[in-house]
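Read through the structure below, which is laid out as C-alpha cells, and then see the notes.
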Amino acid sequence: MDEISLSRQEMNIYCRYLTGLTADEQSLSLFENAIQHEATTLNEKEISLLQFMIRNTWSIGLIDSALGLFNPNHRLRKRMIIAFAILETSPHYFDFFKPKAFSRFHLFTLIAKGVQEALQGIAGSFILLFY
C-alpha cells in the first residue's frame, strides 16, 4: 500500500471516529501535506499499528486514549492531533465542533467521560504491547 493511499485511509478513519463521516477532499489534502514532516514519518512498527487501526476501526478510541495517556509524543499520536486540528477547523464539520449549551448537570457527564477515557487508555495499552 503506498503512502498516499495509506494517509487518505488514515484521515478517513480519524474523521469517522470524530464525526461519523468520511473526510472531505480538502481535509484529505491538508492531512497529506501536513504529515510530510519528519516528526510524523512512521517507522515499520508504527505503520503496522496504523494498518491494525484501519482494519479494526473499533480500536481507534482505545489506541487514541492509550497514546494520549501513556505516550503523548508518539508519532501516530502527533498525526492524530494534526488530523483532529484539520477537522476541527474545517467549515465542513462546523456542526460537530461548534459550542453547545449544556445543563449544570453536565459535570457528571464529564466525570463519566473521563473515567471512560482512562479505562479505554488502559485497554488500549494492551493493544500497544503487541505493536
Side-chain angles (χ1 to χ4, degrees):
M1 184 179 307
D2 67 32
E3 185 67 28
I4 292 175
S5 67
L6 185 63
S7 67
R8 292 178 76 85
Q9 289 180 25
E10 181 180 6
M11 183 60 172
N12 272 318
I13 65 167
Y14 297 147
C15 188
R16 279 193 300 274
Y17 170 58
L18 287 179
T19 68
L21 302 173
T22 302
D24 65 293
E25 194 59 42
Q26 182 182 14
S27 297
L28 289 167
S29 178
L30 287 170
F31 183 72
E32 288 174 348
N33 290 333
I35 62 170
Q36 297 304 315
H37 193 274
E38 182 180 329
T40 59
T41 301
L42 303 178
N43 62 32
E44 284 184 36
K45 189 175 178 182
E46 293 160 337
I47 290 171
S48 178
L49 178 59
L50 174 59
Q51 290 172 333
F52 174 82
M53 288 173 38
I54 290 169
R55 287 188 314 273
N56 303 284
T57 55
W58 57 266
S59 69
I60 298 167
L62 300 175
I63 293 169
D64 177 28
S65 295
L67 291 176
L69 285 172
F70 304 116
N71 196 353
N73 290 321
H74 193 280
R75 283 181 268 200
L76 194 55
R77 176 71 177 157
K78 289 178 182 181
R79 289 165 72 115
M80 286 180 187
I81 291 170
I82 290 168
F84 298 165
I86 289 168
L87 294 171
E88 289 175 0
T89 58
S90 171
H92 188 74
Y93 306 104
F94 175 75
D95 288 336
F96 293 97
F97 300 108
K98 70 180 177 183
K100 296 170 181 67
F102 296 105
S103 75
R104 59 184 128 146
F105 299 108
H106 188 65
L107 176 62
F108 297 111
T109 303
L110 292 176
I111 292 168
K113 188 67 173 165
V115 170
Q116 176 190 5
E117 290 296 320
L119 293 174
Q120 282 184 328
I122 292 167
S125 68
F126 289 109
I127 294 172
L128 295 178
L129 289 175
F130 297 101
Y131 290 94

Taking all non-hydrogen atoms of both residues into account, name the closest pair between [X] and [Y] and its distance.
X   : Y   : result
A23 : M11 : CB-CG, 4.0 Å
Q9  : I54 : OE1-CG2, 3.3 Å
E10 : Y14 : OE2-OH, 2.8 Å

Separation of [Y] [atom2] from [X] [atom1] (nearest 0.5 Å):
X   : Y   : atom1 : atom2 : value
R79 : L42 : CZ    : CG    : 4.0 Å
I35 : L6  : CD1   : CG    : 8.0 Å
I13 : L18 : CD1   : CG    : 11.0 Å

Sequence-distant partners of [X], side chain to side chain contact (heavy atoms under 4.5 Å, CB included), two or more places apart:
X    : value
R104 : none
L128 : L49, I63, A66, L67
T109 : H106
F105 : S103, F108

[X]: salt bridge (charged side-chain N to carboxylate O under 4.0 Å, His left out) partners, not counting sequence neighbours:
X   : value
K98 : D95
E25 : R8
E46 : R75

Q. Can you list every pair that meets salt bridge (charged side-chain N to carboxylate O under 4.0 Å, His left out) and has a residue in residues 56-72, with sequence neighbours left out?
A.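 Sorted result for residues 56-72: D64-R77.
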Q.
Listing request: all salt bridge (charged side-chain N to carboxylate O under 4.0 Å, His left out) pairs with a residue in residues 34-44, at least two apart in sequence or in separate chains.
A.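 Not a single pair qualifies under salt bridge (charged side-chain N to carboxylate O under 4.0 Å, His left out).
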Do you reckon [X] sits in the same ILVMFWY cluster as [Y], going by side-chain contacts under 4.5 Å, direct or chained?
X    : Y   : answer
W58  : M80 : yes
L110 : F97 : no
F94  : L21 : no

Using distance only, find each side-chain donor-acceptor pair of residues 81-93 under 3.5 Å and give its atom names and separation, not counting sequence neighbours.
residue, atom, partner, partner atom, Å
T89, OG1, A85, O, 2.9
T89, OG1, I86, O, 3.2
S90, OG, H92, N, 3.2
Y93, OH, T22, O, 3.2
Y93, OH, D24, N, 2.8
Y93, OH, D24, OD1, 3.0

Q: Count the heavy atoms of every other residue, nucleotide or ligand shown that sit under 6.0 Å from NZ of K45, and state whether that count exceeds 12.
A: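 Not buried by this count: 12 neighbours or fewer within 6.0 Å.
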Q. Which residue pairs pass the ring pair (Phe, Tyr, Trp, His ring centres under 6.0 Å) test when at least one of the two sits in residues 17-41, sequence neighbours left out?
A.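 Qualifying pairs: none.
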With a 3.5 Å cut-off and sequence neighbours excluded, list the donor-acceptor pairs that the side chains of residues 114-127 form with protein atoms.
residue, atom, partner, partner atom, Å
E117, OE1, S65, OG, 2.6
Q120, OE1, S65, OG, 3.4
S125, OG, I122, O, 2.5

